[in-house]
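Right, one structure below, let's go through it.
To find a chain, count down the sequence lines: A is the first, B the second, and so on, and within it residues start at 1.
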2 protein chains.
Amino acid sequence: MYGRHEHDSCISDAMVAADDICKARGLRFTELRRHVLELVWENHGAVKAYDLLEKLDKDYSAKPPTVYRALEFLQENGLVHKINSLNAYVGCSHPLKHTDCFFLICSNCNEVQECCGSDVAKAVRNMVAGQGFAHNQTTLEIEGVCQECQLEG
Amino acid sequence: MYGRHEHDSCISDAMVAADDICKARGLRFTELRRHVLELVWENHGAVKAYDLLEKLDKDYSAKPPTVYRALEFLQENGLVHKINSLNAYVGCSHPLKHTDCFFLICSNCNEVQECCGSDVAKAVRNMVAGQGFAHNQTTLEIEGVCQECQLEG
DNA sequence: TTCAAATTGTTATATTATTACAAAAACAAG
DNA sequence: CTTGTTTTTGTAATAATATAACAATTTGAA
């Protein structure tokens with residue numbers, strides 16, 4: 001999905017954005033939280049909590065709450081999203097405008113692309129408003145095969 | 001969300017539809033599977049697998065695989081959907097046209113409404129096609145408060 | 001009636017996540 | 001600084017969700 005790219009800059013962009021957000025909000029972006037976010041960003045796939053735990057455990061004496069608490073913090077601040085259909089987590093690629101996002105999940109390369117603020121979101125809003133439903137949180141996860149993987153096919 | 005209504009007819013409609021589908025497809029709609037579907041349909045909320053298990057266990061010596069296998073069968077045949085954001089299951093309210101469905105989930109009354117084939121689905125298709133993504137399975141779950149609960153509120 | 005396939009029973013275990021409480025670190029007020 | 005408070009982290013235990021593996025049974029077809 002992302003093919004070959006300078007992934008280091010994905011990581012560093014994400015870390016800088018996280019720094020900025022935490023600073024702006026007066027939050028403590030601790031060593032541990034930073035480390036978890038880096039691990040989440042190791043690639044563009046969704047990562048399982050217990051895989052994070054294993055990686056963390058090399059440096060920290062990590063137990064499940066260690067990683068779940070860090071993930072909770074990161075999710076609350078829009079730096080990480082949970083992919084419910086996979087029970088796994090991805091780094092947010094645009095944490096400042098993370099409303100109405102959805103996810104394309106390639107079942108071949110296992111990468112996840114986050115998409116924002118499109119006609120889809122608008123259609124959801126309209127549909128839901130038509131029902132008089134006050135929506136709060138939307139989970140939209142689209143599983144399939146990305147273009148790159150189709151071409152390789 | 002559904003307010004007061006003749007829920008018995010929801011159940012019987014669902015059972016009739018399930019009978020028809022299984023007959024048409026030459027599937028075995030066994031006592032157990034039927035029983036699980038009835039339990040799923042006890043109300044319009046999403047039900048947890050282990051709650052089903054407890055209820056089942058009164059009549060059957062049910063173990064987890066008992067209920068998960070029945071749910072698997074029902075899901076495969078579009079009679080039940082899993083709500084990923086809740087890890088819970090709902091009966092499908094229109095099992096014959098269960099493509100491009102999504103769910104409104106009221107966090108007050110805990111009921112779930114299934115919606116089908118709307119502009120939302122169309123917007124998703126367009127969006128996804130624009131990315132060259134071949135989509136296979138869509139999870140769209142909208143959490144909020146239904147109109148009835150807002151009015152009571 | 002026998003064979004093969006599908007279903008169910010059963011035990012065990014894997015996976016995902018939370019609770020509860022203690023220790024430590026960070027921070028703010030005096 | 002130092003005291004008290006809040007936040008974060010450590011740790012053990014356990015809860016909640018789900019699957020694997022294999023045996024027994026039932027079903028349906030030849």
Side-chain angles (χ1 to χ4, degrees), chain A residues 18-19 21-23 25-40 45-77 79-90 105 110 139 141, chain B residues 18-19 21-40 45-77 79-90 110 139 141:
Chain A
D19 268 328
I21 285 174
C22 291
K23 189 168 291 181
R25 296 182 189 167
L27 302 167
R28 291 200 222 154
F29 194 34
T30 62
E31 178 77 12
L32 176 63
R33 289 165 173 171
R34 168 179 293 275
H35 197 120
V36 171
L37 186 56
E38 281 167 357
L39 291 174
V40 167
V47 61
K48 298 276 187 175
Y50 274 73
D51 291 343
L52 288 175
L53 181 53
E54 250 182 66
K55 290 176 183 175
L56 257 192
D57 200 32
K58 288 172 187 156
D59 305 288
Y60 301 80
S61 75
K63 308 273 180 299
T66 311
V67 67
Y68 281 106
R69 284 195 287 228
L71 286 171
E72 185 183 30
F73 171 87
L74 296 169
Q75 284 177 266
E76 278 169 355
N77 293 292
L79 300 170
V80 157
H81 297 293
K82 179 172 184 181
I83 306 296
N84 285 307
S85 57
L86 300 175
N87 291 327
Y89 305 83
V90 285
I105 303 163
N110 294 313
T139 296
E141 298 165 5
Chain B
D19 268 327
I21 285 173
C22 291
K23 190 168 291 179
R25 298 182 188 166
L27 301 168
R28 291 200 221 156
F29 194 34
T30 62
E31 178 78 12
L32 176 63
R33 289 165 173 174
R34 167 179 293 276
H35 198 120
V36 170
L37 185 57
E38 281 167 356
L39 291 174
V40 168
V47 61
K48 298 277 186 172
Y50 275 72
D51 290 344
L52 289 175
L53 182 53
E54 253 184 64
K55 290 175 182 174
L56 257 191
D57 200 33
K58 288 172 186 157
D59 306 287
Y60 301 79
S61 74
K63 309 272 180 301
T66 312
V67 67
Y68 281 105
R69 284 195 287 228
L71 286 171
E72 184 183 31
F73 171 88
L74 296 168
Q75 286 177 266
E76 277 169 355
N77 292 290
L79 300 169
V80 157
H81 296 294
K82 179 171 186 181
I83 306 295
N84 284 308
S85 56
L86 300 176
N87 291 328
Y89 304 83
V90 286
N110 294 312
T139 296
E141 299 165 4

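- Legend: residues meeting side-chain hydrogen bond (donor to acceptor under 3.5 Å, both in side chains) with B:Ser85, ordered by chain and number and at least two apart, are B:Glu141.
- When side chains are defined from C-beta on, A:Val36 does not count as touching A:Arg33, because their heavy atoms never get closer than 4.5 Å.
- The shortest non-hydrogen separation linking B:Gly45 to B:Val90 is O-CG1, 3.8 Å.
- Remark: B:Thr66 is not in phosphate contact with C:dT10, judged by side-chain N or O atoms under 4.0 Å from OP1 or OP2.
- Side-chain contact between B:Leu71 and B:Val40 is present, with at least one heavy-atom pair separated by less than 4.5 Å.
- Considering all non-hydrogen atoms of both residues, B:Leu37 and B:Leu79 come closest at CD1-O, 4.0 Å.
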Evaluate the criterion side-chain contact (heavy atoms from CB on, under 4.5 Å) for residue pair A:Tyr60 and A:Leu32; output intermediate values, then yes/no. CA-CA 8 Å; A:Tyr60 301 80; A:Leu32 176 63; 4.1 Å; yes

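- Looking at every heavy atom in both residues, B:Ala46 comes nearest to B:Ile83 through CB-CG1, 4.3 Å.
- B:Glu72 places its CD atom 13 Å from the C1' atom of C:dT8, with the value rounded to the nearest Å.
- When each of B:Arg28 and B:Arg69 is assigned the nucleotide of DNA chain D bearing its nearest heavy atom, the one mapping closer to the 5' terminus is B:Arg69.
- In this pair, A:Tyr68 and A:Tyr89 present their aromatic rings perpendicular. The plane angle is above 60°, beyond the 30 to 60° band.
- The 5' end of DNA chain D is approached more closely, in terms of each residue's nearest nucleotide, by A:Leu27 than by the other of A:Leu27 and A:Ser61.
- Between the CG atom of B:Leu71 and the P atom of C:dT8 there is a distance of 13 Å, rounded to whole Å.
- With the end axes of the helix from C:dT1-D:dA30 to C:dG30-D:dC1 each set by five pairs, the angle from one to the other reads 30° at 10° resolution.
- On the nucleic acid side, DNA chain D contacts chain A at distances under 4.0 Å to non-hydrogen atoms, with the end points of that region at D:dT7 to D:dA12.
- Looking at residues two or more places apart in sequence or on another chain, you find a side-chain hydrogen bond (donor to acceptor under 3.5 Å, both in side chains) between B:Asp19 and B:Arg34.
- Considering only residues two or more places apart in sequence or on other chains, B:Lys82 meets the salt bridge (charged side-chain N to carboxylate O under 4.0 Å, His left out) condition with none of them.
- One N or O on the side chain of A:Lys48 and one on the backbone of A:Leu86 form a donor-acceptor pair closer than 3.5 Å.
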Can you check nucleotides 11-18 of chain C for protein contacts, nitrogen or oxygen pairs under 3.5 Å, and list what you find?
from: C:dT16; atom 1: OP1; to: A:Lys48; atom 2: NZ; distance (Å): 2.5
from: C:dA17; atom 1: OP1; to: A:Lys82; atom 2: NZ; distance (Å): 2.3
from: C:dA17; atom 1: OP2; to: A:Tyr68; atom 2: OH; distance (Å): 3.1
from: C:dA17; atom 1: OP2; to: A:Tyr89; atom 2: OH; distance (Å): 3.2
from: C:dA17; atom 1: N7; to: A:Tyr50; atom 2: OH; distance (Å): 2.6
from: C:dA17; atom 1: N6; to: A:Tyr50; atom 2: OH; distance (Å): 3.1

